[in-house]
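Given the structure is predicted, the values throughout are model-derived calculations rather than measurements. Remember, it's 1-based here, ligands and their atoms both numbered in the order they're listed. The first residue of the sequence shown is numbered 1, and numbering continues consecutively from there. When reading the values below, keep in mind they use all heavy atoms of this one structure, side chains included, and skip hydrogens, waters and symmetry mates.
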Amino acid sequence: MDDKSQKINNEPEVVTETDSNSSQKRSFSTMTNEDIKSEKIIVSKLIVPTSINEIRKKSNKDFKESPKNFTNDNLNDIDTFYKENVEELNDLISELKSWESKHSELNYIYQDLKRKLNNEIVPEIEIQKNIVIERKKNYDELKLNNDLQIQNFEKKINLMRKTQETEQLRLSQENRKVIDSKEKFYVDERIAIEKKLSDDKRILLQEIETLRNIKNQKLALLNSTDEIHDAKLKLGQEMNSLKSQRFDELHQKASGLELINSELNSELKSIEENIKINLVPMRDELKQKISSATMSLEDIVEKRIKKIEESVHIAKQYEQMQIKYNQLQSQLASFDNKVRSASDSVIFHKEQLQEKEMKRRILHNELQDLRGNIRVFCRIKPDLNPQFNMKEVKKNNGDNYANDEEALSSFERYQLEIQPPVSTKGLITGSPYRHASTTFTFDRIFDEKATNKDVFDEVSQLVQSSLDGYKVCIFAYGQTGSGKTYTMLNNKDGIIPSTLQHIYSWIDNLKPLGWEYSIKIQFIEIYNENIIDLFANKKNSRQNKKKIDIRHMDGKTTLTNVEQIDITHSNDAEDILRNAMKSRATAATKENDQSSRSHSIFTITLKGSNKITNKSCEGVLNLIDLAGSERLNKSQATGDRLKETQAINKSLSCLGDVIHSLNHNKTMKTSHIPFRNSKLTYILQNYLTGDGKTLMFVNVSSTSYVETVNSLRFSSKVNGTKMR
Ligand SMILES: Nc1ncnc2c1ncn2[C@@H]1O[C@H](COP(=O)(O)OP(=O)(O)OP(=O)(O)O)[C@@H](O)[C@H]1O
């Protein structure tokens, strides 16, 4: 075999590009073997390896057969063979070229797809993967948060349960709003989490759907070109494998995510179930407890509101009371000040009063002295059938007196005119009473209209003197039935009961000035010149009674064996007096059915002491109801009555003598005054002398003109007498 054939049978050589281009410009018919050989090499260079190999397989078959026939004889055949082969080769070359262009197009598409895959899809898949990872991470975090929140909820629920239990115990320390807000917070938060979970799930599903859509779009893009369907099939296989690999991965991840999602959903469901099974009943139970607690709480709140209202009311009352209390306190403080100043002024006034009281006593005594130590009042008893006229005629105004002393002694004196009865004018002719009328002077005249109160208003001045520490005698003189006892002892308004009342009320008045008084009373009667203690026990007969002696010592007079009773209230004295009066000697006379046949002396001894001024005083008040003064022939008394009358007249005469002596013998010593001539005057000795004051009532009635004139004459004997 020569070199050419050897060359053809061998593998074509690698030629340059330039060679190839120059060879393309020539036709196979003009080529030499060498050219063909070289052309062959150029062609082989143009064919893509796979196709060329196929051609080579075909050519080699021909070429392997052709050398056996290569002889000079069959050169034409060979030529033809080559021509045919060249044509065939040219067809193949053109086919190859078309395949090459298709290949380049496909390659371009492939490169484009690959680029897109690398530049777009892979990064997008990467992004989606990252998103999925991010979502997964978020989901994990969310789940973790959810778990934590659930745990927190559980804790909160436990805490709420404990709180609720505590609330049940305390009930009054929490209110319904807090419970409602907690419950609302729990429900809202649970709803928010559920919503968030469902939103996340929805977003995840949306993203998966988006990925699916992208995948479908890409698939649609790949399927869009029919021409490249085959290539797409080929490349699609790779792409599919690649995509399926990617999509598998994505699906795997998506399914993994879905699995996770479903797991999470199932977990969520289980949580929801758990919530439904455990938490909802628990919540319902809590709700029930809360509602019962709320009811109790409402009840308590209602009660509390009531109590608060009550408290508010009480507080208001308390405030008002406090205000009043403060006002009262301030008032009290001002009162205290006033009281202090008042008590100061009281002390001041007390001192002044003390002074004034002492001055009053002096002035009162001076006034009594001015009025006369022995005064005579006339009292006319009212009579329905007067036998003669008696009336006050004029007031002596102090004129026509010889001197001032006489004028002064006549100051405020009253005159009584008495007219003899017409029928008796003849009988008294030539008698001292023959004048048509006679006048008598008195210190005061009480006519028929005068009451015991009017009388006491005047007498009270002497009672006051006795309270001031002076000795006072008040006599009631007059004929039987003229009203002596009525004036002196009449129940309630007589001088004695009125005096007792006056003394007690005055003592009360003097108490604030520090004066304390002790009061002793003594009640005697002189009957037939015998002294009888009217307070002595009634059971004892007069004969058995101890002898009563009169003792004078240091200007004081005491009667032995005569009871002196301490009295503390005027009523006590009145009771004692009333009882004593029952035992007084009375007997019927012609003039008076209940005539007093004795002189009664009611003595009140008043001892006063003042702790503030350390002053003391002792006054004695003698209230004497004299026995009726009747003439013997008038009374027609006999026996005991005669004896009584004689004794009465004697003692009354002695009283007149004593007073007359005191009046007319001013220089006479008391020892020469006939006090001892009767028990009456002797008992009264100390009270009729010195600064003692005497008031004599001459009681007259218009029943007996002569007796009345006698009484008035007696009074004129007494009147004007000055004590020594
Ligand atoms: N001023 C008077 N107003 C009304 N009644 C009077 C008045 N004076 C006296 N009488 C009444 O006259 C009667 C006699 O009075 P009373 O007993 O006082 O007289 P008497 O002077 O005491 O008599 P005797 O000396 O006999 O005891 C009594 O019933 C008395 O009530």
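- A cation-pi arrangement is present between Lys693 and Tyr470, with the terminal nitrogen or guanidinium carbon under 6.0 Å from the aromatic centre and inside a 45° cone about the axis.
- The shortest separation from a heavy atom of Gly481 to ligand 1 is under 4.0 Å, placing the residue in contact.
- For the residues Ala627, Ser701, Pro382, Gly494, the heavy atom positioned nearest atom 2 (C) of ligand 1 is part of Pro382.
- Short contacts between ligand 1 and Gly628, defined as distances under 4.0 Å to a heavy atom of the residue, involve ligand atoms 25 (O).
- Arg379 pairs with exactly one of Asp447, Asn699, Asn452 by the side-chain hydrogen bond (donor to acceptor under 3.5 Å, both in side chains) rule, that one being Asn452.
- Residue Glu448 does not touch ligand 1, judged by heavy-atom distances below 4.0 Å.
- Of the N or O atoms in Gly483, one or more lie within a sub-3.5 Å distance of an N or O in ligand 1.
- The salt bridge (charged side-chain N to carboxylate O under 4.0 Å, His left out) test applied to Asp454 returns no partner, not counting sequence neighbours.
- Contact analysis leaves Met488 out of contact with ligand 1, as no non-hydrogen atom separation drops below 4.0 angstrom.
- A salt bridge links Glu458 with Arg444: at least one charged nitrogen is closer than 4.0 Å to a carboxylate oxygen.
- Legend: residues meeting ring-ring contact (aromatic ring centres under 6.0 Å, His included) with Tyr486, ordered by chain and number and at least two apart, are absent.
- For Ser482, a nitrogen or oxygen atom sits less than 3.5 Å from a nitrogen or oxygen atom of ligand 1, counting backbone and side chain alike.
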